[in-house]
Structures are given as structure tokens and as C-alpha cells.
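Here is the structure we will look at, set down as C-alpha cells.
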Amino acid sequence: MLLLKPIRLRTRQISQYASAASQELSAPKAVSTTPPKGLNFYISTLQTRASVDQLHKLHAEILKTHFSRNIFLLTRLAHAYLKFGCLNIGERFVVSIIKNPPLFLWNERIKCYARKGRYRESIDLYYEMVRSGYKPNAFTFTFVLPACAGLKSVKDCRRVHTDVLWFGCEYNEFVITALIDVYGKCGDLSSARQLFDEMPVKKTASCNALMAAFVLDEKFDDALSLFNEMKKLGIPSDTITMVRVLQSCASLGALQQGRWVHEQIIRTQMVVNVQLGSALINMYARCGSIEEAHHVFEEMPKKDLIAWTSIICGYGMHGLAHLSESLFLRMVSHGLRPDAITFVGVLSGFSHNGMVEKGWYYFKKMSDEFNVKPVLEHYSCMVDMLGRAGRLNEAENLLKHITVKPDSMIWGGLLTACKIHKNVEMAERVVSKILELDPTNAGWHVLMSNIYATCGKWDQVAKMWGKIKDLKLEKQPGWSSIEVTGQIHTFLVFDQSHLMSKEIYSYLKYVKERMKVEGYVPETSVVFEKVDEETKEEMVFCHSERLAIAFGILSTLDGDVLRVMKNLRVCVDCHNVIKFISGIECREIIVRDAKRFHCFKDGVCSCGDYW
DNA sequence: CTAGGGTTAG
């Protein structure tokens with residue numbers, strides 16, 4: 001109690017000085033006649049400086065007074081510089097003048113390093129501080145923990161976490177939220193969840209942090225249940241919550257839920273800022289409704305680079321490369337500078353449409369005109385584009401001459417092209433490169449064995465599968481999902497676990513018979529195992545996308561659009577069957593595969609059978 | 001004298 005009084009007195013004193021100072025500033029002539037300024041004047045003026053420039057001027061003024069060696073004032077000055085992000089100047093003060101900085105200055109330094117992305121230095125400074133005998137407080141932890149997140153360092157995170165307990169900050173909600181965030185970003189979801197569960201009072205920010213952890217770990221269902229839980233508990237959602245929820249809907253392909261969230265945003269008159277707008281565009285695009293994505297885009301009052309990039313990528317994914325290009329040109333005419341990601345969107349769009357010349361043109365334009373240096377992803381688009389178009393030698397040549405080190409994915413694009421164009425010789429060359437870089441991924445072995453199978457080299461196929469078995473590699477199973485009345489249903493290959501399994505299989509049988517009447521022969525070349533023709537038919541018959549679509553047809557109304565998601569690429573036979581179903585059922589069927597969208601309507605697909 | 005969670009591709 002006794003301590004409070006002088007502090008109150010001092011605050012009043014400072015504000016008196018401050019108002020005197022502002023009067024002084026509005027009457028410039030009076031400067032020479034005013035009495036010398038006191039310490040309090042400088043301290044309060046320091047807090048009101050709006051720019052580094054103003055701070056420099058005040059600094060110069062202080063150096064001319066007898067306060068030039070006043071540690072208290074210089075500490076505040078260093079603090080003010082650090083608040084503006086002037087790390088070098090701030091640090092110079094600490095090194096040369098302020099030998100024993102007070103806690104708040106340590107905190108500000110740790111924060112400054114962390115915000116500049118110099119995470120290691122931020123964390124090391126924290127350790128140095130503790131070693132020097134300072135007691136960190138809750139502020140310290142909320143500054144150093146994001147640095148641990150930046151490095152994704154669980155080791156540092158745990159060490160700091162023990163300090164949180166040791167110094168008694170484990171009940172501070174800011175600290176807990178920061179801890180949830182770091183554990184989430186480091187991939188330790190269970191620690192994040194445990195901290196969250198033990199929180200007595202949960203708030204919006206802590207929910208958002210856990211939701212981010214779910215999304216990062218691809219636990220989208222959990223993210224959505226947490227969102228529902230928030231509503232039940234009466235915890236308000238904000239734009240950050242909505243961004244996370246929309247990301248989850250986008251990943252799940254849950255269009256109906258996404259639409260519902262959009263309605264909520266409109267109903268609650270939430271401000272649609274660029275982040276939320278981009279998240280909406282992305283959700284609609286990735287859920288197969290490019291029209292709605294475009295609508296959101298046009299309605300956004302302010303569009304930044306990311307909003308433009310989102311819609312450009314959206315059109316690219318949907319195989320509408322000409323629209324993607326015209327939006328790109330519109331963006332440039334609005335004076336925005338495209339970045340590396342914008343070009344990935346544009347180039348991948350051309351790649352899906354086989355527009356090789358346009359692709360090359362933009363690839364050159366990128367560095368010549370926009371000063372964007374090509375990185376691995378751009379080369380990857382070009383290799384896919386050339387390879388898919390059958391220009392395998394050009395693709396291989398490009399890969400040999402790039403300045404960056406190719407990864408297994410980019411070689412993988414070429415390997416896929418080798419499969420499409422049945423070039424075993426190049427494939428063998430390519431796969432050896434891939435296996436040097438990524439020897440334990442079963443996917444490459446499978447792909448290579450499939451290439452051997454297309455050419456009838458069954459002894460080699462057997463050899464590849466032998467390797468998979470010897471190395472105990474696991475093949476990624478194919479799955480597809482579909483949203484029906486807001487519920488996501490997931491199917492695996494051969495899946496018979498669904499409640500409507502019987503109906504699904506008999507529907508598919510019916511489709512097959514109708515197709516056979518019209519002269520359809522199952523495209524069994526996609527089955528790469530040496531089994532008889534009948535078994536092969538059975539195997540493609542049970543592909544997951546087919547099960548999902550059959551279920552969709554059986555459980556929705558005539559004319560409803562079906563939207564299906566698949567983790568791998570669609571096989572040729574399924575592509576034929578889906579085209580047929582879209583014709584006989586008069587349905588629009590939109591399938592999102594690992595790379596792009598296929599929109600089936602009236603017996604044809606938007607990809608023009610090029611994928 | 002300082003606080004936590006956010007947008008785009010592959």
C-alpha cells in the first residue's frame with residue numbers, strides 16, 4: 001500500500017510535464033525562453049514518439065543535456081528503439097552503457113530478436129538472462145516461446161516449459177496459449193491438448209491455438225469439433241477462428257459446412273479482412289465451387305497479393321488456365337507485384353492444360369520482367385508440363401541444368417511422365433536418382449513397378465514388389481470422401497464397411513452392365529498385378545472414388561451436384577466410369593484428386609482427358 | 001514498461 005503513493009504522484013507529475021511539452025511544441029517561438037527540461041519530460045516524450053526519426057531527434061537532444069549519461073533515461077531510450085524494431089541501436093546501448101539491464105529491457109530484446117526471425121539468438125538471450133540471475137516473468141515467456149515455435153524446437157520448448165513451472169507462470173493464460181501454440185507447431189499435439197484440457201478457463205485465443213495444432217496435424221475433424229465445442233461453451237469466435245475452420249473445411253472438401261460458416265460470418269457482420277477473404281476463396285475453390293470463390297473475391301473491398309494469388313491458383317486447379325491468366329494480367333494492371341507463389345499457380349494451371357508454350361513464356365517473364373527467381377516448385381511445374389505433354393527429353397534436360405538441387409518430388413514428376421508415355425529406359429534412369437534421395441517411400445517403388453507392368457516386364461514387376469517387401473515399406477492406401485448432408489463419408493479401396501455397402505456394390509454392377517451394352521471394356525491396364533482379366537476387373541471395380549460416387553448417387557436427390565475428394569490421382573478406368581455415370585444420371589460430378597479438379601458433366605470431363 | 005492465436009502452392 002505504501003508503495004502505491006509515490007507512483008501515483010509520479011504519474012501525475014509526468015502527465016503535467018507532458019501537457020506542458022505539447023503546448024510548447026505548438027508554440028515554436030517559445031523554445032528559447034522555456035526553462036531547461038527535466039528528466040520526466042524526456043521519459044514521457046519518449047513514449048509518445050511515433051517514428052524512429054522522431055526518436056533520433058530526441059536522442060540527439062538528450063545527448064546535449066546533462067542527462068546524456070543518465071542510465072535510467074538511456075534504458076528507456078533503448079527500450080523505445082527496440083519497440084521500433086531497431087535491434088542494432090538497442091543492443092549497442094546494452095553493450096556499451098547499460099551494464100545491468102532491468103527485466104523489461106531483457107524482455108524487449110528477446111521479443112525483438114524473435115519478431116525479426118532471429119529465433120536462436122532470442123532463445124539464447126533468454127538462457128543468458130536466466131543464467132545471470134534474473135527471474136523471468138509471464139511477459140518473458142510470451143516472447144521467448146514464439147521463438148521456440150519459429151525453430152520448431154521441442155527441446156527448447158520443454159526447457160522453457162520447466163522454467164515456466166519453476167518461476168510460477170503456469171497459470172497465466174497468455175503463457176499457456178503460447179505453450180499450446182509452440183507444442184502444436186513442434187508437432188507435439190498431445191502436449192498441446194493436455195495443456196488446453198487443464199486450463200480452467202478457456203478463451204478464444206487458446207481455442208484458436210489448439211485448432212491450429214489440429215489443422216497442422218491434419219486432424220480437421222477435431223478442429224471442427226472444437227469449433228462446435230466453443231459454441232456450446234459460449235466462447236466467442238473471431239476471424240482467426242473462422243480462418244482455421246475454413247482451412248479445415250477446405251481440406252476435407254466440406255462445402256456445405258464451409259457455406260454454413262460463410263453464412264455465420266455474414267450474419268454476425270464479422271469484418272472480412274484479407275486473411276479471412278483469402279481463406280474463403282481457398283475454401284470454395286478447394287471444395288470445387290470456383291463460382292462462389294470468384295464471387296467472394298469480387299466482393300472483397302481490399303484485395304492483397306494473397307487474395308489475388310488464391311483465386312489465380314483456384315482457377316489453375318480447376319483447369320481454367322485462360323481465366324487464371326486473365327486474372328493474373330488484371331492483377332498486374334492494378335499495380336500488384338506477383339510473387340513466387342503466384343507464379344506457381346499460373347504455371348501449374350498451364351501445366352494442367354498442356355499449354356507448354358504459354359508456360360515457357362511465363363516462366364521466362366517471371367525472372368525477366370518480375371524479378372522472381374525460379375525455385376524448385378517452378379521447375380517442378382515446368383517438368384510436369386513438359387513431361388505430361390510428351391516432351392520427355394526437354395524435361396530431363398531442364399532438370400539437368402537447373403541451379404537448385406532437385407528433390408525426389410521433382411524427379412517424381414518426370415517418372416509419372418515416363419509412365420504416361422511408356423518410356424522404361426528413362427524411367428530406370430530417373431528412379432535411381434529418386435531412390436538415392438528418398439529410398440524408403442513405397443510410392444516410388446510402386447510407380448516404377450507400374451511402369452514395368454505397362455510394358456509387360458513382369459519379372460521386373462516382381463522384383464520391385466520383392467524390394468518393397470524386403471524393405472518392409474508401406475504403400476499409401478487410396479481413399480475418397482464425399483459430403484452428404486454435411487456429413488463426410490470416407491471410403492477405402494475394397495471398402496465394405498459402409499452401412500449402404502450392399503446397395504453401393506449392386507449399383508456399380510448395374511452401371512458396369514449398362515456400360516458393357518454400349519461397348520465398354522474395362523481399362524484393366526491400370527491394374528499392375530499379374531492376375532487374370534476377371535480379377536483385374538474386380539480390382540478397378542472397387543476403387544474408392546467409385547464407391548464414394550455410388551453412395552452419393554444413392555443418397556442425394558436427382559440433379560444434386562456430387563463433390564468427391566481423393567488422395568491419389570484418378571485412374572483411367574474410373575475416369576471413364578464417372579463420365580458415363582454423369583451422363584446416365586444427368587449429374588454434375590466434381591472430383592478433386594491429388595493434383596486438380598475434374599468436372600464431369602453430360603458424359604465428358606472438364607480436363608478433356610488430359611491429366 | 002512489454003502479452004497469446006491468422007491468408008496463398010506443391
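Chain letters run A, B, ... following the sequence lines, proteins first, then strands; residues in each count from 1.
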Is the aromatic ring centre of A/F174 closer than 5.5 Å to the centre of the six-membered base ring of B/dA3, with the two planes inclined by less than 30°?
yes
Tested for side chain to side chain contact (heavy atoms under 4.5 Å, CB included) against A/K219, the lone hit among A/L226, A/L224, A/L189 is A/L189
Can a salt bridge be assigned to the pair A/D593 and A/K595 using a cut-off of 4.0 Å between side-chain N and carboxylate O?
no
Using atom CE of A/M283 as one end and atom P of B/dT7 as the other, report the distance to the nearest whole Å.
16 Å
Short of 4.0 Å, heavy atom to strand atom, which residues of residues 77-90 of chain A count as contacting DNA chain B?
A/H79
Output yes when at least one side-chain N/O atom of A/R244 is less than 4.0 Å from OP1 or OP2 of B/dG6, else no.
yes
Residues forming a side chain to side chain contact (heavy atoms under 4.5 Å, CB included) with A/A395, sequence neighbours excluded:
A/V383, A/L386, A/L414
For A/F104 and B/dC1, say yes or no: do the ring centres fall under 5.5 Å of each other while the ring planes differ by less than 30°?
no
Side-chain N or O of A/N137 less than 4.0 angstrom from OP1 or OP2 on B/dC1?
no
May I ask you to verify whether the side chain of A/N273 and the base of B/dG6 hold a donor-acceptor pair under 3.5 Å?
yes
N or O in side chain of A/K185 less than 4.0 angstrom from B/dG6 OP1/OP2
yes
Examine the base of B/dG6 for any acceptor or donor lying under 3.5 Å from a partner atom in the side chain of A/Q247, and report the outcome as yes or no.
no
When rounded to whole Å, the CG to P distance for the pair A/N282 and B/dT7 reads 11 Å
Any A/S348 side-chain nitrogen or oxygen under 4.0 Å from OP1 or OP2 of B/dG10:
yes
Between C1' of B/dT7 and CG of A/D238, the distance in whole Å
14 Å
Looking at A/W106, A/Y126, A/Y134, A/F104, which one forms a side chain to side chain contact (heavy atoms under 4.5 Å, CB included) with A/T140?
A/Y126
Is there a side-chain contact between A/R286 and the phosphate of B/dT8, meaning an N or O under 4.0 Å from OP1 or OP2?
no
Using atom CG of A/L347 as one end and atom C1' of B/dT8 as the other, report the distance to the nearest whole Å.
15 Å
Measure from NE2 on A/H161 to C1' on B/dG4 and round the result to the nearest Å.
15 Å
Taking N and O atoms by type only, does the side chain of A/T142 place a donor or acceptor under 3.5 Å from a partner on the base of B/dG4?
no
Please confirm whether any donor atom in the side chain of A/N107 sits under 3.5 Å from an acceptor in the base of B/dA3, or the reverse.
no
When you measure from the centre of the six-membered ring of A/Y610, is the NZ or CZ of A/R388 closer than 6.0 Å and no more than 45° off the axis?
yes
Before accepting this row, confirm whether a basic side-chain N of the pair A/E298/A/R330 lies closer than 4.0 Å to the acidic partner's carboxylate O.
yes
Taking only Lys NZ, Arg NE, NH1 and NH2, and the carboxylate oxygens of Asp or Glu, determine whether A/E108 and A/K83 approach each other closer than 4.0 Å.
no
Taking 4.0 Å as the cut-off, does a side-chain nitrogen or oxygen of A/K203 come that near to OP1 or OP2 on B/dG4?
no
Less than 3.5 Å between a donor and an acceptor, one on the side chain of A/N208 and one on the base of B/dG4, is that the case here?
no
